[in-house]
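Written below as structure tokens is the structure these notes are about.
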Amino acid sequence: MPIDYVKEGRIAIFTLNRPEALNAIDPESAEELSRAFVDFRDDNDLWVGIITGTGIKAFSVGADIKTMLPELKNFRGQPGAGPLNFMRGLNLWKPMIAAINGAALGGGLEIALFCDFRIASEKAIFGTPEVTLGLIPGWGGTQRLPRAIPFAKAAELLLTGKPINAQEAYRIGLVNKVVPLPELMPTAKQMAEMLCQRAPLAVRAAKQAMIHGMNVSLGDGLELERTLNDFLVTTDDFDEGCKAFTEKRQAVFKGK
Ligand code: CO8
């Protein structure tokens, strides 16, 4: 299977699993990943996702140049989420962590940018080599990268296609943390478990407010924040969070 999708308690783990092609995304991988993302989004028992790659060399080197890129001509002119675009229009508000075990290039970096947290192994590299192929990123990279890091650094990556190493990625704020490879998944799981202790509906509302808020006026963003909080104060988890604080104990959230 090009995508390994497993559920561990409240955590979903997606593993890009085509090591013979450095975990490049072919049409079958895109379809499987799309199905797994939808399952994760709709399964109430799952609260946090981790996405990683098989092997020590690559997280993912992006779209499969041999089998995926030739398809692009067939899908010209399709607005919104085309059949090859498995990250668009998902409205996935559950937190996602990218555990970047190696090269994250092109669409591989775009998958990492789709996530909220990026943890990298020391040997990981990051880049958008699409301009070397006569293309630009097509899974959100031109939009998410300049929102994630300073514009000049995004321009350097997007316009030159030259990769940067993990230390530079940390320095410019592209990744949250750099760890030795053996500590990568334990660190990602530790972060996921910490997120699972927070009120899940509040975590999702915070993500939704951040992402929508980046694209609207401050006034509209503040209104969205108010609307989300109007909903959160009606939840059982809000009552539980306040009660647990008063009783000096850890809150037990249910996502209700
Ligand atoms: N696609 C298909 N196969 C790949 C890819 C790829 N992106 N990258 C590597 N491979 C394959 C190689 O062909 C090779 O296979 P084989 O042994 O059968 O020849 C195997 O993986 C190992 O690769 P290398 O021998 O090249 O390994 P090296 O260590 O020498 O080099 C690199 C590693 C530097 C990562 C090199 O493989 C490379 O430059 N790869 C291309 C990376 C790239 O350009 N990625 C961008 C792809 S385009 C993209 O992601 C656009 C996304 C948006 C699409 C929009 C859709 C709607």
Side-chain angles (χ1 to χ4, degrees), residues 1-4 14-38 51-90 92 96 98-115 118 120-149 154-169 174-175 181 184:
M1 298 277 271
I3 305 297
D4 187 31
F14 310 83
T15 306
L16 309 171
N17 187 30
R18 291 186 69 220
E20 71 285 0
L22 303 183
N23 303 324
I25 306 293
D26 63 357
E28 193 189 345
S29 311
E31 208 179 307
E32 274 190 23
L33 201 50
S34 174
R35 260 201 303 270
F37 281 157
V38 169
I51 182 157
T52 191
T54 296
I56 57 169
K57 207 167 161 186
F59 171 71
S60 169
V61 290
D64 191 302
I65 296 170
K66 300 163 196 168
T67 60
M68 183 72 125
L69 293 194
E71 291 296 313
L72 294 183
K73 284 186 181 151
N74 300 328
F75 293 104
R76 284 178 67 233
Q78 291 212 1
L84 304 180
N85 196 335
F86 51 90
M87 288 177 282
R88 189 127 179 231
L90 264 180
L92 178 56
M96 291 284 293
I100 303 160
N101 52 303
L105 296 177
L109 177 54
E110 294 180 279
I111 293 171
L113 285 166
F114 173 70
C115 297
R118 286 171 284 283
S121 84
E122 290 165 327
K123 299 270 167 60
I125 58 165
F126 302 82
T128 48
E130 281 89 340
V131 288
T132 68
L133 298 164
L135 204 62
I136 58 172
W139 289 333
T142 61
Q143 303 308 302
R144 291 198 178 101
L145 196 58
R147 284 166 166 82
I149 60 173
E156 200 176 309
L157 283 162
L158 288 164
L159 275 57
T160 72
K162 282 175 70 173
I164 56 172
N165 64 26
Q167 287 66 35
E168 176 68 352
L174 180 57
V175 301
L181 185 59
L184 184 67

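As the structure lists them, so they are numbered: ligands from 1, and atoms in each ligand from 1.
By the 3.5 Å distance cut-off applied to N or O atoms, A24 is not counted among the residues near ligand 1. Looking at ligand 1, you'll find an N or O of V61 within less than 3.5 Å of one of its N or O atoms. Considering backbone and side-chain atoms together, P137 places no N or O closer than 3.5 Å to any N or O of ligand 1. Annotation: N85 places no N or O atom under 3.5 Å from an N or O atom of ligand 1; distance criterion only.
Each of the following atoms of ligand 1 lies closer than 4.0 Å to a heavy atom of G62: 50 (O). The atoms of ligand 1 that sit less than 4.0 Å from any heavy atom of L72 are 56 (C), 57 (C). If you number the atoms of ligand 1 from 1 as listed, the ones under 4.0 Å from a heavy atom of E110 come out as 52 (C), 53 (C). Ligand-side atoms of ligand 1 in range of D64: 1 (N), 2 (C), range being under 4.0 angstrom from any heavy atom. For ligand 1, the atoms closer than 4.0 angstrom to any heavy atom of L105 are 35 (C). Contact atoms of ligand 1 toward P129: 43 (C), 44 (O), 45 (N), 46 (C) (distance under 4.0 Å to a heavy atom of the residue). Against a heavy-atom cut-off of under 4.0 Å, G107 is close to the following atoms of ligand 1: 49 (C), 50 (O), 52 (C). Counting atoms of ligand 1 from 1 in the listed order, those under 4.0 Å from a heavy atom of G138 are 53 (C), 55 (C).
N101 CG to T52 OG1: the interatomic distance, rounded to the nearest 0.5 Å, is 4.0 Å. A distance of 10.0 Å separates NZ of K57 from CD1 of I125, quoted to the nearest 0.5 Å. For the atom pair I111 CD1 and M96 CE, the distance stands at 9.5 Å (nearest 0.5 Å). A distance of 13.5 Å separates CG in L22 from CZ in F59, rounded to the nearest 0.5 Å. Taken from CD1 in I149 to CG in L157, the straight-line distance is 5.0 Å, to the nearest 0.5 Å. L33 CG to F114 CZ: the interatomic distance, rounded to the nearest 0.5 Å, is 8.5 Å.
Heavy atoms of L133 found under 4.0 angstrom from ligand 1 belong exclusively to the side chain. Counting heavy atoms closer than 4.0 Å to ligand 1, residue A63 contributes atoms from both its backbone and its side chain. Residue-level proximity to ligand 1 for I25 is absent, since no heavy atom of it falls below 4.0 angstrom.
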TODO: Please lay out, stage by stage, how N17 and T54 fare under the test side-chain hydrogen bond (donor to acceptor under 3.5 Å, both in side chains).
DONE: CA-CA 5 Å; N17 187 30; T54 296; 2.9 Å; yes
- [ ] Dump the intermediate steps for side-chain contact (heavy atoms from CB on, under 4.5 Å) on S60 and I25, then the final yes or no.
- [x] CA-CA 7 Å; S60 169; I25 306 293; 3.9 Å; yes
TODO: Apply side-chain contact (heavy atoms from CB on, under 4.5 Å) to the pair T142 and T128, showing each step before the final yes or no.
DONE: CA-CA 9 Å; T142 61; T128 48; over 6 Å; no
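Under a 3.5 Å cut-off, the side chain of D64 and the backbone N or O of A24 do not form any donor-acceptor pair. In this structure a side-chain-to-backbone donor-acceptor pair under 3.5 Å is missing from D4 to T15. A donor-acceptor pair is defined here as one N or O able to donate and one able to accept, closer than 3.5 Å; such a pair exists between the side chain of R118 and the backbone of L174.
The presence of a protein heavy atom under 4.0 Å from atom 48 (S) of ligand 1 is confirmed. For atom 44 (O) of ligand 1, the nearest protein heavy atom is under 4.0 Å away. Distances from atom 40 (N) of ligand 1 to the protein include no heavy-atom value under 4.0 Å. Remark: atom 20 (C) of ligand 1 lies closer than 4.0 Å to at least one protein heavy atom. Using a 4.0 Å threshold on non-hydrogen atoms, atom 34 (C) of ligand 1 does not count as touching the protein. Protein heavy atoms come within 4.0 Å of atom 29 (O) of ligand 1.
Across all their heavy atoms, A166 and S121 have their closest contact at CB-O, 3.6 Å. E130 and E110 make their closest contact through OE2-OE1, 3.5 Å (heavy atoms, listed as atom of the first residue, atom of the second, distance). The two atoms that bring P137 and L158 nearest to each other are CG-CD2, 3.6 Å, heavy atoms only.
For atom 32 (C) of ligand 1, the closest non-hydrogen atom of the protein is L22 CD1, 4.4 Å. Among protein heavy atoms, the minimum distance from atom 16 (P) of ligand 1 is reached at K66 NZ, 4.2 Å. Of all protein heavy atoms, the one closest to atom 51 (C) of ligand 1 is E130 OE2, 3.4 Å. The protein non-hydrogen atom at the shortest distance from atom 57 (C) of ligand 1 is W139 NE1, 3.5 Å.
By the 4.0 Å heavy-atom criterion, E20 is counted among the residues contacting ligand 1. For the pair A21 and ligand 1, a heavy-atom separation below 4.0 Å is found.
Few gaps surround CG on L72; more than 12 heavy atoms of other groups in view lie less than 6.0 Å from it.
Considering only non-hydrogen atoms, atom 27 (O) of ligand 1 lies nearest to K57 out of M87, K57, M68.
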